[in-house]
Amino acid sequence: MTAPRFRIAPSPTGFFHVGGARTALYNWALAKRLGGTFVLRIEDTDEERNRPEWNQGIIDALAWIGISADDPAFEGPYFQSHYAAEHVAAGVRLFDAGHAYYCDLTSEQVQERSKASGKPGYDGHSRDRGLEPGPGRVLRFRVPDGSTVVHDAVRGEVTFDNATIEDFVLLRGNGSPMFLLANVVDDMLMRISHVIRAEEHLPNTPKQQMLWEALGHAAPEWAHVPLLVNEQRKKISKRRDKVALEQYRDEGYLPGAMVNYLMTLGWAPKGDTEIVPWATIESEFRLEDVTHSPAFFDLKKLAAFNGEYIRAMPVEEFSAACEPWLAQWRDAHPEAVWNQEWWTTMAALVQTRVVTLAEAPAMVDFLFTPAPELDPASVAKVTSPQAESVLRASAEAFASCAWSADAIKVAFEVVAEAHGLKPGKAQAPVRVAVTGRTVGPPLLESMELLGRDRILGRIDALRERIAVT
RNA sequence: GCCCCCAUCGUCUAGUGGCCUAGGACACCACCCUUUCAAGGUGGCGGCACGGGUUCGAAUCCCGUUGGGGGUGCCA
């Protein structure tokens with residue numbers, strides 16, 4: 001048996017769809033494990049959506065999820081537009097062999113005839129009219145009688161009655177090839193042995209299989225994997241859903257988490273945990289084990305996976321991984337004074353509290369800005385005589401205590417006891433004064449870093465704010 | 001309308017005729033831990049769409065119903 005050849009055939013749209021990413025991953029896992037080839041073919045023949053600059057975006061998106069163009073198993077990219085002559089030639093061959101015929105009806109006329117007869121689709125009007133090629137004439141495939149059985153690796157046998165399939169168009173009136181033809185001819189040219197794609201293509205499959213056979217080849221192995229859907233159970237689309245892989249990347253999702261999560265949609269690794277390394281996925285993934293029903297693309301679960309992956313990182317790695325987002329924050333806050341050591345100290349505390357890397361700056365911003373941005377709701381929570389009293393007592397205690405997290409803790413305990421509060425409660429007003437919010441990373445460590453003077457200044461500032469309110 | 005696919009906790013799934021009193025994960029709830037919030041630990045809630053068969057025995061096989069979804073272009 002020759003090595004299998006897989007492929008993905010995205011069109012350049014300016015972003016890479018997460019559903020396409022999952023399909024790519026399925027193909028990639030199999031190509032790698034079976035010693036096969038993963039072919040990238042960019043279907044750039046739709047003139048309305050075709051920008052050369054989008055091509056690099058596809059390569060980059062694939063690289064991000066671990067499908068590297070430098071890997072020996074990777075082949076391409078090929079561009080569908082480069083094979084237009086072959087597509088047309090195949091159409092002509094089909095015509096010469098009697099598998100296709102020309103028709104001079106416009107699409108409007110086809111519609112009218114359909115409406116008049118009450119039957120959907122094209123009625124085969126020109127099947128036996130013996131028309132020669134000419135301007136405005138489309139080439140249609142002569143769908144044979146009988147039925148077409150598609151052998152699908154995930155769904156088993158699917159039978160289509162050919163009577164329900166109209167004589168579809170191969171070449172447009174202007175002579176250009178249609179998707180169905182181009183797609184099949186390309187797959188033949190590239191010797192694709194396995195076509196793994198989304199379920200939406202299943203209805204196309206009998207047509208493509210007939211094309212393969214009419215062109216004198218055995219059809220490839222088909223596999224139609226379930227769709228990714230939103231909470232309304234509709235397939236996720238650019239219009240209503242967040243589908244761009246690049247967007248998740250920019251929001252600080254880790255590629256490992258995204259890949260792992262995507263692979264659990266429609267499939268599951270053996271055992272009781274879904275969090276598994278790619279090596280496990282690569283060795284265990286089987287098309288036969290893919291689920292048949294659509295899967296909800298759940299952002300909550302993706303976030304949970306991402307949190308797991310973030311926490312699994314060595315802290316140095318986490319710290320470094322945050323850098324792009326920290327740099328972005330610095331650019332947006334020229335007034336801030338960055339202190340790399342402080343960040344390094346805080347990184348471990350931040351790591352267990354973020355779900356995406358993009359959330360990191362907001363966890364530590366108060367350390368670097370001259371004054372914390374006071375969150376109104378948080379300020380409201382600590383606007384009370386008791387809070388004011390706690391702030392005053394704290395300021396007094398901090399003015400004289402030793403300056404370390406431990407000493408600050410003791411000082412807090414004294415203040416808390418004097419007010420009949422639990423230490424955590426007593427911290428709240430000070431936390432708002434120091435960080436601007438009621439929640440955040442552990443306070444004592446932050447206070448130690450900021451130093452006595454800044455802390456006292458911030459407490460004063462909040463006291464004034466509360467008094468004015 | 002026609003064609004096709006699908007149906008296990010709210011969600012993602014395990015399960016391929018007896019091991020199922022249906023397992024895990026996310027979410028949710030409670031408790032523990034605790035300097036807020038997290039993280040972590042423990043426990044809980046919660047499901048085989050429905051109706052017929054087949055079988056000694058069905059979540060697993062068959063048929064139907066219902067309910068979802070996809071496809072029906074001179075788009076890809």
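Just so we're clear, the structure is a prediction, and the values are computed from it rather than from any experiment. Lettering follows sequence order; numbering is per chain, from 1.
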Could you please spell out the steps behind the side-chain hydrogen bond (donor to acceptor under 3.5 Å, both in side chains) verdict for Arg431(A) and Thr435(A)?
CA-CA 6 Å; Arg431(A) 177 179 294 281; Thr435(A) 72; 5.3 Å; no
Working note: Trp343(A) + Ser319(A), criterion side-chain hydrogen bond (donor to acceptor under 3.5 Å, both in side chains); need CA distance, chi angles, decisive distance, verdict.
CA-CA 8 Å; Trp343(A) 159 248; Ser319(A) 176; 2.9 Å; yes
Check against side-chain hydrogen bond (donor to acceptor under 3.5 Å, both in side chains), Glu448(A) and Ser404(A)
CA-CA 6 Å; Glu448(A) 183 180 316; Ser404(A) 71; 5.2 Å; no
For a side-chain hydrogen bond (donor to acceptor under 3.5 Å, both in side chains) check, start with the C-alpha distance between Ser81(A) and Asp44(A), then their side-chain angles and the critical distance, and finish with the verdict.
CA-CA 6 Å; Ser81(A) 59; Asp44(A) 57 347; 2.7 Å; yes
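Set against C5(B), G71(B), U35(B), the side chain of Lys409(A) has U35(B) as its closest nucleotide. The side chain of Phe160(A) lies closest to C4(B) when the candidates are G70(B), C4(B), C74(B). The Glu308(A) side chain lies nearest to C26(B) when the options are U35(B), C26(B), C4(B). The listed nucleotides are C5(B), U36(B), A76(B); the one nearest the side chain of Ser11(A) is A76(B). Checked against C6(B), G71(B), C74(B), the side chain of Arg155(A) finds its nearest nucleotide in C6(B). Distances were taken from every side-chain heavy atom of Val439(A) (C-beta onward) to each of C75(B), C6(B), U36(B); the shortest belongs to U36(B).
Contact annotation: Arg233(A) side-chain N/O to G70(B) OP1/OP2 distance is not under 4.0 Å. Phosphate contact (OP1/OP2 of G40(B), side-chain N/O of Arg311(A), threshold under 4.0 Å): present. Between G69(B) and Lys234(A), a contact under 4.0 Å exists linking OP1 or OP2 to a side-chain N or O. At C6(B), one or more side-chain N or O atoms of His292(A) fall inside 4.0 Å of OP1 or OP2 (strictly under the cut-off). Note on Arg172(A): a side-chain N or O is less than 4.0 Å away from OP1 or OP2 of A76(B).
Both the sub-6.0 Å distance and the 45° axial angle are not jointly satisfied by Arg140(A) relative to the ring of Tyr101(A).
Nucleic acid contact for Phe412(A): none, since no nucleic acid atom lies under 4.0 Å from a heavy atom of the residue. Counting non-hydrogen atoms under 4.0 angstrom, Thr438(A) reaches a base of the nucleic acid. Within the 4.0 angstrom heavy-atom criterion, base atoms lie near Pro441(A). Counting non-hydrogen atoms under 4.0 angstrom, Pro120(A) reaches a base of the nucleic acid. Residue-level contact check: Gln80(A) touches the backbone only, with heavy atoms under 4.0 Å from sugar-phosphate atoms and none from bases. Glu200(A) comes within 4.0 angstrom of the backbone, heavy atoms only, and of no base. His201(A) comes within contact range of at least one nucleobase, with a heavy-atom separation under 4.0 Å. Nucleic acid contact class of Arg41(A) (heavy atoms, under 4.0 Å, all strands): none. Nucleic acid contact class of Thr164(A) (heavy atoms, under 4.0 Å, all strands): sugar-phosphate only. Using a 4.0 Å heavy-atom distance criterion, Lys425(A) is classed as making no nucleic acid contact. No engagement by Lys422(A) is indicated, since no non-hydrogen atom pair under 4.0 Å with the nucleic acid exists. Here Leu227(A) lies in heavy-atom contact (under 4.0 Å) with sugar-phosphate atoms only. In this structure, Ala295(A) reaches the sugar-phosphate backbone alone: every heavy-atom distance under 4.0 Å involves primed, P, OP1 or OP2 atoms, never a base. At the heavy-atom level, Ser176(A) lies nowhere under 4.0 Å from the strands shown.
When both pairing distances are held under 3.5 Å, G1(B) makes a Watson-Crick or G-U pair with U72(B). Pair assignment for U11(B) gives A25(B), based on Watson-Crick or G-U wobble hydrogen-bonding distances that are each under 3.5 Å.
Between Ala358(A) and Glu251(A), the shortest heavy-atom contact is CB-O, 3.2 Å. Closest of all the heavy-atom pairs between His224(A) and Ala198(A) is CD2-O, 3.5 Å. Between Gln80(A) and His87(A) the shortest heavy-atom distance is O-CE1, 3.4 Å.
Between Gly136(A) and Pro423(A), the residue whose closest nucleotide on RNA chain B is further toward the 5' end is Pro423(A). Residue whose closest nucleotide on RNA chain B sits further toward the 5' end, between Thr352(A) and Val138(A): Thr352(A).
Between the C1' atoms of G70(B) and G47(B), the separation comes to 26 Å (whole Å). When the P atom is used for both C63(B) and A22(B), the distance is 28 Å, rounded to whole Å. Taking atom C1' on both nucleotides, G57(B) is separated from G1(B) by 44 Å, rounded to a whole Å. Separation of the C1' atoms belonging to A76(B) and C19(B) is 49 Å when rounded to the nearest angstrom. As rounded to the nearest Å, U60(B) and C74(B) have C1' atoms that lie 47 Å from one another. Rounded to a whole angstrom, the distance from the C1' atom of U54(B) to that of C61(B) is 8 Å. Between the C1' atoms of C12(B) and C48(B), the separation comes to 16 Å (whole Å).
We find that CE of Met346(A) is positioned 16 Å from P of A38(B), with the value rounded to whole Å. Atom CZ of Phe297(A) is separated from atom C1' of G10(B) by 18 Å (rounded to the nearest Å). Protein atom CZ of Phe168(A) is 18 Å distant from nucleotide atom P of G71(B), rounded to whole Å. Across the protein-nucleic acid pair, Asn230(A) atom CG and G10(B) atom P stand 19 Å apart, rounded to whole Å. C4(B) atom P lies 13 Å from atom CD of Glu199(A), rounded to whole Å. Counting to the nearest Å, the P atom of C26(B) and the NZ atom of Lys301(A) are 7 Å from each other. Rounded to whole Å, atom P of C3(B) lies 15 Å from atom CD of Glu166(A). Atom pair Asp167(A):CG and C74(B):C1' shows a separation of 15 Å (rounding to whole Å applied).
Note: Trp403(A) and Phe398(A) have perpendicular aromatic rings, judged against thresholds of 30 and 60 degrees for the angle between ring planes.
Residues from residues 253-276 of chain A lying near RNA chain B, meaning a heavy-atom separation below 4.0 Å, are Thr264(A), Leu265(A), Gly266(A), Ala268(A), Asp272(A), Glu274(A) in numerical order.
A salt bridge does not link Lys270(A) with Glu284(A): none of the charged nitrogens is closer than 4.0 Å to a carboxylate oxygen.
A 4.5 Å side-chain heavy-atom check between Phe141(A) and His99(A) finds at least one atom pair inside the cut-off.
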